[in-house]
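Inspection log for the structure reproduced underneath, given as structure tokens.
Hydrogens, waters and symmetry mates play no part in the numbers below; they use all other heavy atoms, side chains included. Since we're looking at a predicted model, the values are computed, not measured.
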Amino acid sequence: MQSLKVAICPGSFDPVTLGHMDIINRARRIFDHVIVAVMLNPAKNTMFTVEERIELLRKCTVDMADVEVVGFEGLLADYAKIRDATAIVKGLRAVSDFEYEFQMALTNKKLNNELETVFLTTRAENMYLSSSIVKDIASFGGDISNFVPDCILADIKDRLYKGGRRS
């Protein structure tokens, strides 16, 4: 019996964008099981709690039996071992993304020699898109409907259009 090919798509997803969803969907075509790992980084000032980001992603992936959404804190290379993942999937928008992600890929490979990093280049329509841009547009009351999944648009608007941070 052949084992499943498991990949991890890590990120902060604050909030999840159509660009994130594109990378997750494309990873699903390559791997049998995709773990979307919402990273807890206390150094980051996020608009949504880890629990809220997990819930938003679960709404977006509710019909995807091959996708699991989890919260995660610690070394990704160690988590990959625990979950029997053989790959990390990262989306790249620009050369500047690559420099940082390449360094992380080499570090993860050193920590877990069985772990590969797969880079998926973003689609042209998402090259400029980031969670930060979504937050900036929303903070000024701009229309973010072309940037985030429809199923979570109201959730994001409720938080961001009021300019409020989590309690």
task: For Met47 and Glu52, run side-chain contact (heavy atoms from CB on, under 4.5 Å): C-alpha distance rounded to whole Å, both residues' side-chain angles, the deciding distance at 0.1 Å, then the answer.
output: CA-CA 9 Å; Met47 294 294 271; Glu52 289 170 329; over 6 Å; no
message: side-chain contact (heavy atoms from CB on, under 4.5 Å) for Tyr161 and Ile156? Distances and angles first, verdict last.
response: CA-CA 8 Å; Tyr161 279 28; Ile156 294 172; over 6 Å; no
Step-by-step side-chain contact (heavy atoms from CB on, under 4.5 Å) determination, Val69 to Thr61: CA-CA 8 Å; Val69 180; Thr61 60; 3.6 Å; yes
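Side-chain atoms of Met64 and Met21, non-hydrogen and from C-beta on, do get closer than 4.5 Å to each other. The shortest side-chain heavy-atom distance between Pro15 and Arg53 does not fall under the 4.5 Å cut-off. Looking only at side-chain heavy atoms (C-beta outward), Arg58 and Val62 stay at 4.5 Å or farther from each other. Side-chain contact check for Val38 versus Val70: every heavy-atom pair is 4.5 Å or farther apart. The shortest side-chain heavy-atom distance between Pro10 and Ile88 falls under the 4.5 Å cut-off. Inter-residue side-chain proximity for Ser130 and Thr17 is flagged as unmet; no heavy-atom pair is nearer than 4.5 Å. Between Phe13 and Ser131 there is no side-chain heavy-atom pair separated by less than 4.5 Å.
Expressed to the nearest 0.5 Å, how far CD1 of Ile54 lies from OG1 of Thr49 amounts to 8.0 Å. Cys9 contributes atom SG, which lies 8.5 Å from atom CZ of Phe31 (distance to the nearest 0.5 angstrom). The structure places CG of Leu160 at 6.0 Å from CD1 of Ile144, a figure rounded to the nearest 0.5 Å. Atom NE2 of residue His20 and atom CG of residue Asn126 lie 10.0 Å apart, to the nearest 0.5 angstrom.
Remark: Ala85 pairs with Val6, Ile8, Ala80 by the side chain to side chain contact (heavy atoms under 4.5 Å, CB included) rule, at least two apart or across chains. Under the side chain to side chain contact (heavy atoms under 4.5 Å, CB included) criterion, Ala77 pairs with Asn108, Leu111, Asn112, Leu115, not counting sequence neighbours. With sequence neighbours excluded, no residue forms a salt bridge (Lys or Arg N to Asp or Glu O under 4.0 Å) with Glu125.
Applying the salt bridge (charged side-chain N to carboxylate O under 4.0 Å, His left out) test to every pair with at least one member in residues 87-103, sequence neighbours left out, gives these pairs: Lys90-Glu101, Arg93-Asp97. Sorted by first and then second residue, the pairs that involve residues 69-88 and meet side chain to side chain donor-acceptor pair (under 3.5 Å), not counting sequence neighbours, are Glu68-Arg83, Tyr79-Arg83. Sequence neighbours left out, the pairs with a member in residues 23-39 that pass salt bridge (charged side-chain N to carboxylate O under 4.0 Å, His left out) are Asp22-Arg26, Arg28-Asp66. Residue pairs meeting the salt bridge (charged side-chain N to carboxylate O under 4.0 Å, His left out) criterion with at least one partner in residues 7-19, sequence neighbours excluded, are Asp14-Lys135.
Taking every heavy atom of both residues into account, Val118 and Ala87 meet most closely at CG2-CB, 4.2 Å. Across Ile133 and Tyr128, no two heavy atoms sit closer than the pair CD1-O, 2.7 Å.
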Identify all side-chain donor-acceptor contacts of residues 145-154 below 3.5 Å with residues at least two apart in sequence or on another chain.
unit_1: Ser145; atom_1: OG; unit_2: Asp143; atom_2: OD1; d: 2.7
unit_1: Ser145; atom_1: OG; unit_2: Asp143; atom_2: OD2; d: 3.2

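Other cluster members for Phe98: Leu92, Phe102, Leu106, Phe119, joined by side-chain heavy-atom distances under 4.5 Å among Ile, Leu, Val, Met, Phe, Trp and Tyr. Clustering of Ile, Leu, Val, Met, Phe, Trp and Tyr by side-chain heavy atoms under 4.5 Å joins Met104 with Tyr100.
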